[in-house]
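This report refers to the structure that appears directly beneath it.
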Number of protein chains: 2
Amino acid sequence: MACQEYFVRQLHAHGLRLTPQRELVLNVMHQLEAPATAEEIYARVHALSASVDISTVYRTLELFQEFNLVAAFDPGDGIRRYEHLGVEAPHHHLVCRACGKVTQVALEELQPLIAHLTAASGFVADAVALTIPGLCAVCATASETPL
Amino acid sequence: MACQEYFVRQLHAHGLRLTPQRELVLNVMHQLEAPATAEEIYARVHALSASVDISTVYRTLELFQEFNLVAAFDPGDGIRRYEHLGVEAPHHHLVCRACGKVTQVALEELQPLIAHLTAASGFVADAVALTIPGLCAVCATASETPL
DNA sequence: CTGGTTGCAAACTTTTTGCAGCGTC
DNA sequence: GACGCTGCAAAAAGTTTGCAACCAG
């Protein structure tokens with residue numbers, strides 16, 4: 001859990017403080033196996049400490065994003081998902097436009113392209129969490145039938 | 001404007017009707033040079049016909065998405081953008097996590113990868129509108145200074 | 001005519017904000 | 001002890017929905 005340490009250092013560097021709530025949210029983010037909504041994260045945090053408020057969860061997630069510990073993305077359904085940016089292999093999200101299912105894929109061939117992009121335009125892409133909209137296998141098949 | 005025709009055919013195929021409002025929204029979508037929010041689209045439609053309601057715009061945009069005429073995505077700021085899926089070259093969106101700026105890039109090398117993805121998993125990715133989160137050149141530079 | 005469509009208004013969901021008290025450093 | 005942080009509650013912003021009248025086919 002090296003990012004725990006990284007987090008504390010970032011806090012200090014910015015004159016901010018380490019609170020139980022922030023530790024709690026960070027721990028919960030570690031446990032996530034898939035991108036989760038603010039409500040889901042709140043539920044997990046709340047289970048560990050009932051007094052934590054959801055507004056604190058939002059504020060903490062925002063902080064994490066600034067420190068690049070967490071990435072946020074929205075499949076397009078208006079509900080933001082948050083995901084821990086760990087040491088896992090870079091991966092991306094296939095988001096089904098019809099059923100909303102989110103699948104993770106490695107797609108490592110993408111990394112060189114992104115690196116090239118950065119070199120060319122100065123745009124620094126986040127390491128992971130590319131969102132690819134489309135139709136999953138099930139819905140793609142289903143959408144052909146009725147036409 | 002072949003998609004006008006496509007649209008009408010899709011409507012008929014689904015037992016739906018062509019209304020002035022739907023034509024209006026489709027025209028506005030054609031005029032867009034960049035992804036626009038529902039509010040922005042509503043503003044343009046409203047300028048053409050003041051009586052059209054924003055709920056109609058939402059309903060119409062949803063319809064367009066079902067017909068694959070329009071793609072929706074969310075840079076992560078909680079505000080959905082809509083974009084016409086036309087005959088333009090496939091392109092993607094660089095979304096700055098700090099300033100929210102959306103830049104379009106061609107990045108054509110990506111298409112083979114996506115095609116490969118489809119073949120492998122059955123997931124049918126939308127032709128355009130990949131959202132790549134990160135930091136734009138300006139914000140990336142700025143974020144290094146204060147640390 | 002029939003049934004899909006619309007505008008209006010109100011409801012809903014998700015996220016943000018103001019503030020007084022609390023707790024970290 | 002100072003100042004950042006929290007919980008609460010209320011507001012804001014974006015989107016959806018119910019319904020009666022409307023109009024395209």
Side-chain angles (χ1 to χ4, degrees), chain A residues 4-5 7-26 28 35-43 45-67 70-82 97 100, chain B residues 4-5 7-26 28 35-67 70 72-82 97 100:
Chain A
Q4 184 77 267
E5 195 187 321
F7 178 46
V8 173
R9 210 172 317 165
Q10 287 286 304
L11 284 174
H12 285 179
H14 291 256
L16 305 178
R17 293 172 188 170
L18 179 62
T19 65
Q21 289 89 336
R22 287 175 177 169
E23 279 190 282
L24 222 44
V25 176
L26 185 54
V28 166
T37 65
E39 290 284 348
E40 287 163 355
I41 294 165
Y42 169 62
V45 171
H46 194 263
L48 297 174
S49 175
S51 66
V52 178
D53 192 72
I54 195 168
S55 65
T56 298
V57 172
Y58 275 110
R59 286 187 275 229
T60 304
L61 287 172
E62 195 179 336
L63 187 66
F64 287 171
Q65 287 178 75
E66 275 163 33
F67 290 171
V70 156
F73 71 98
D74 184 331
D77 61 1
I79 306 176
R80 224 171 291 176
R81 319 288 163 109
Y82 300 86
R97 169 160 39 86
Chain B
Q4 183 78 268
E5 195 186 320
F7 177 46
V8 173
R9 209 172 317 166
Q10 286 286 304
L11 284 174
H12 285 178
H14 291 255
L16 304 179
R17 292 172 187 170
L18 179 62
T19 64
Q21 290 89 335
R22 286 174 176 169
E23 279 190 282
L24 222 45
V25 176
L26 185 54
V28 166
T37 66
E39 291 284 350
E40 287 163 355
I41 294 166
Y42 168 63
R44 293 217 193 188
V45 170
H46 194 262
L48 298 174
S49 176
S51 66
V52 178
D53 192 72
I54 194 168
S55 65
T56 299
V57 172
Y58 275 110
R59 286 188 276 230
T60 304
L61 287 172
E62 195 179 334
L63 187 67
F64 287 172
Q65 286 178 75
E66 274 162 35
F67 291 170
V70 157
F73 72 98
D74 184 331
D77 61 0
I79 307 176
R80 223 171 292 176
R81 319 289 163 108
Y82 300 86
R97 169 160 39 86

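Letters go in sequence order (proteins before strands), and every chain restarts at 1.
Using a 4.5 Å heavy-atom cutoff, the side chains of Gln21(A) and Val25(A) are not in contact. Leu63(A) has its side chain within reach of Leu11(A): a pair of non-hydrogen atoms, C-beta onward, lies under 4.5 Å apart.
At a non-hydrogen distance threshold of 4.0 Å, Tyr58(B), Arg59(B) from residues 57-64 of chain B come into contact with DNA chain D. Across residues 45-56 of chain B, Ser55(B) each have a non-hydrogen atom less than 4.0 Å from an atom of DNA chain D (numbered order).
Of all non-hydrogen atoms in Glu5(B) and Arg9(B), the two that sit nearest each other are OE2-NH2, 2.7 Å.
Between the CD1 atom of Ile79(A) and the P atom of dT16(C) there is a distance of 14 Å, given to the nearest Å. The CD-P distance, from Glu40(A) to dT14(C), rounds to 10 Å in whole Å. Atom pair Arg80(B):CZ and dT13(C):P shows a separation of 15 Å (rounding to whole Å applied). For the pair Gln21(A) CD and dG21(C) P, the computed distance is 18 Å after rounding to whole Å.
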Working for side-chain contact (heavy atoms from CB on, under 4.5 Å), residues Arg22(A) and Leu26(A): CA-CA 6 Å; Arg22(A) 287 175 177 169; Leu26(A) 185 54; over 6 Å; no
Stepwise side-chain contact (heavy atoms from CB on, under 4.5 Å) test for Val28(A) and Tyr42(A): CA-CA 9 Å; Val28(A) 166; Tyr42(A) 169 62; over 6 Å; no
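Every residue two or more places apart in sequence or in another chain that forms a side chain to side chain contact (heavy atoms under 4.5 Å, CB included) with Ile79(B) is listed here: Thr37(B), Asp77(B), Arg81(B). Residues satisfying the side chain to side chain contact (heavy atoms under 4.5 Å, CB included) test with Glu23(A), not counting sequence neighbours, are Gln4(A), Leu18(A). Residues meeting the side chain to side chain donor-acceptor pair (under 3.5 Å) test with Arg17(B), sequence neighbours left out: none. Taking the ring-ring contact (aromatic ring centres under 6.0 Å, His included) definition, one finds that Tyr82(B) meets it with nothing, sequence neighbours left out.
In this structure, CD1 on Ile41(A) lies 12.0 Å from CG on Leu24(A), to the nearest 0.5 angstrom.
Read 5' to 3', the first and last nucleotides of DNA chain D with an atom closer than 4.0 Å to a heavy atom of chain B are dG14(D) to dG25(D).
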Less than 3.5 Å apart, which donor and acceptor atoms pair up between the side chains of residues 45-58 of chain A and the rest of the protein, not counting sequence neighbours?
from, atom 1, to, atom 2, distance (Å)
His46(A), NE2, Ala50(A), O, 2.8
Asp53(A), OD2, Ser55(A), N, 2.9
Asp53(A), OD2, Ser55(A), OG, 2.7
Ser55(A), OG, Arg59(A), NH2, 3.1

Distances for protein N/O vs nucleotides 10-12 of chain C N/O pairs under 3.5 angstrom?
none

Grab the N/O contacts between the protein and nucleotides 23-25 of chain C below 3.5 Å, and write none if there aren't any.
from, atom 1, to, atom 2, distance (Å)
dG23(C), N2, Arg17(A), NH1, 2.4
dT24(C), O3', Leu18(A), O, 3.2
dT24(C), O2, Arg17(A), NH1, 2.9
dC25(C), OP1, Leu18(A), N, 3.2
dC25(C), OP1, Leu18(A), O, 3.4

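In the helix from dC1(C)-dG25(D) to dC25(C)-dG1(D), the end axes, each obtained as the rotation axis mapping the C1' atoms of four pairs onto the next four within a five-pair block, lie 50° apart to the nearest 10 degrees.
Ring geometry, Phe64(B) versus Phe7(B): the interplanar angle exceeds 60°, so the pair is classed perpendicular (tilted spans 30 to 60°).
Residues Glu40(B) and Arg44(B) are not paired through a salt bridge, judged by the lack of any N-O separation under 4.0 Å between the basic side chain and the carboxylate.
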